[in-house]
Enquirer: 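Right, I'll just put the structure down here and ask away after.
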Amino acid sequence: VQLQASGGGLVQAGGSLRLSCTASGIIFSIYTMRWYRQAPGKQRELVAAIARGGTTDYLDSVKGRFTISRDNAKNTVYLQMNRLNAEDTAVYYCNAHYTYIYWGQGTLVTVSS
């Protein structure tokens, strides 16, 4: 099983990024997919989740700015991040959960103010 995250980078405050996480080795469509993030010196936190039926959930601080989506045909989950601010700076990890939990390697998002 492999989760390959990409799309991180350096962006100015107010800008946008789209993260992608492509899974292999799992039946992607049955998994709940989540994005977590971990900022320096802080605990990892759940940012967004999308269930296999498409139901979504978000961390309060990203509601209205971030959108999680999935393309089951491409085994990929996305996180569209708009109006980024310095507090969004973190390593972002994707996570796949059905019976087992699998983690991607993380992608760094740095927002300059």
Side-chain angles (χ1 to χ4, degrees):
V1 177
Q2 191 170 22
L3 300 179
Q4 185 68 42
S6 62
L10 175 64
V11 62
Q12 288 188 333
S16 299
L17 282 175
R18 188 176 81 154
L19 306 183
S20 301
C21 174
T22 300
S24 60
I26 60 172
I27 303 173
F28 181 82
S29 61
I30 68 173
Y31 277 72
T32 293
M33 300 300 298
R34 297 181 175 92
W35 285 99
Y36 286 78
R37 68 185 181 188
Q38 187 165 19
K42 295 187 177 181
Q43 290 189 330
R44 191 172 296 191
E45 62 181 355
L46 176 62
V47 176
I50 184 165
R52 60 182 179 177
T55 301
T56 59
D57 195 16
Y58 297 93
L59 180 68
D60 282 348
S61 63
V62 309
K63 284 180 180 177
R65 300 188 298 123
F66 289 12
T67 303
I68 189 171
S69 61
R70 66 191 298 158
D71 185 338
N72 290 339
K74 295 182 178 180
N75 286 4
T76 300
V77 60
Y78 304 97
L79 185 67
Q80 177 66 43
M81 306 185 293
N82 299 328
R83 290 184 281 132
L84 286 159
N85 57 59
E87 288 68 42
D88 297 318
T89 294
V91 178
Y92 284 72
Y93 300 89
C94 59
N95 164 297
H97 180 205
Y98 183 57
T99 301
Y100 300 103
I101 296 174
Y102 301 104
W103 290 90
Q105 86 286 6
T107 184
L108 176 62
V109 172
T110 304
V111 183
S112 63
S113 56

Enquirer: Are W103 and V47 grouped together when hydrophobic residues (ILVMFWY) are joined by side-chain heavy atoms under 4.5 angstrom apart?
Expert: no

Enquirer: Any chance you could lay out the side-chain contact (heavy atoms from CB on, under 4.5 Å) test for L79 and T67, step after step, and finish with the verdict?
Expert: CA-CA 6 Å; L79 185 67; T67 303; over 6 Å; no

Enquirer: CD/Q4 to OG1/T107 distance, rounded to the nearest 0.5 angstrom?
Expert: 9.0 Å

Enquirer: Going by side-chain heavy atoms closer than 4.5 Å, which hydrophobic residues are tied to L10, directly or by a chain of links?
Expert: none

Enquirer: Where do S113 and A13 come nearest, in terms of heavy atoms and distance?
Expert: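 Heavy-atom minimum between the residues: CA-CB, 4.2 Å.
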
Enquirer: Check step by step if side-chain contact (heavy atoms from CB on, under 4.5 Å) holds for T110 and V11.
Expert: CA-CA 6 Å; T110 304; V11 62; over 6 Å; no

Enquirer: Quick check: F66 with W35 (ring centres under 6.0 Å apart)?
Expert: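 Centroid distance W35-F66: not below 6.0 Å, so no.
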
Enquirer: Please name the pair of heavy atoms, one in N82 and one in S16, separated by the smallest distance, quoted to 0.1 Å.
Expert: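 In terms of heavy atoms, the two residues are closest at OD1-OG, 2.9 Å.
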
Enquirer: Between T89 (side chain) and V111 (backbone), is there a donor-acceptor pair under 3.5 Å?
Expert: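 At least one qualifying donor-acceptor pair exists.
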
Enquirer: Would a hydrophobic clustering, with Ile, Leu, Val, Met, Phe, Trp and Tyr connected at side-chain separations under 4.5 Å, put I30 with M33?
Expert: yes

Enquirer: Side-chain atoms of residues 90-101: list all donor-acceptor pairs with protein atoms under 3.5 Å, sequence neighbours left out, distances to 0.1 Å.
Expert:
unit_1, atom_1, unit_2, atom_2, d
Y92, OH, R37, NH1, 3.0
Y92, OH, D88, O, 2.6
H97, ND1, R34, NH1, 3.3

Enquirer: What residues form a side chain to side chain contact (heavy atoms under 4.5 Å, CB included) with D57, not counting sequence neighbours?
Expert: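 Side chain to side chain contact (heavy atoms under 4.5 Å, CB included) check on D57 returns nothing, list empty.
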
Enquirer: Just by modelled atom types, is the R83 backbone N or O under 3.5 Å from a matching donor or acceptor in the R65 side chain?
Expert: yes

Enquirer: In chain order, what residues pass the side chain to side chain contact (heavy atoms under 4.5 Å, CB included) check against S69, with sequence neighbours excluded?
Expert: Y78

Enquirer: So if you build clusters from Ile, Leu, Val, Met, Phe, Trp, Tyr with side-chain heavy-atom gaps below 4.5 Å, do I50 and Y36 land together?
Expert: no

Enquirer: In chain order, what residues pass the side-chain hydrogen bond (donor to acceptor under 3.5 Å, both in side chains) check against Q105, with sequence neighbours excluded?
Expert: none

Enquirer: Please tabulate, one pair per line, all N/O donor-acceptor pairs under 3.5 Å involving side-chain atoms of residues 20-29, not counting sequence neighbours.
Expert:
unit_1, atom_1, unit_2, atom_2, d
T22, OG1, T76, OG1, 2.9

Enquirer: With I68 as reference, evaluate T56, L19, V62 under the side-chain contact (heavy atoms from CB on, under 4.5 Å) test and give the passing residue.
Expert: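 Only match with I68 under side-chain contact (heavy atoms from CB on, under 4.5 Å): T56.
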
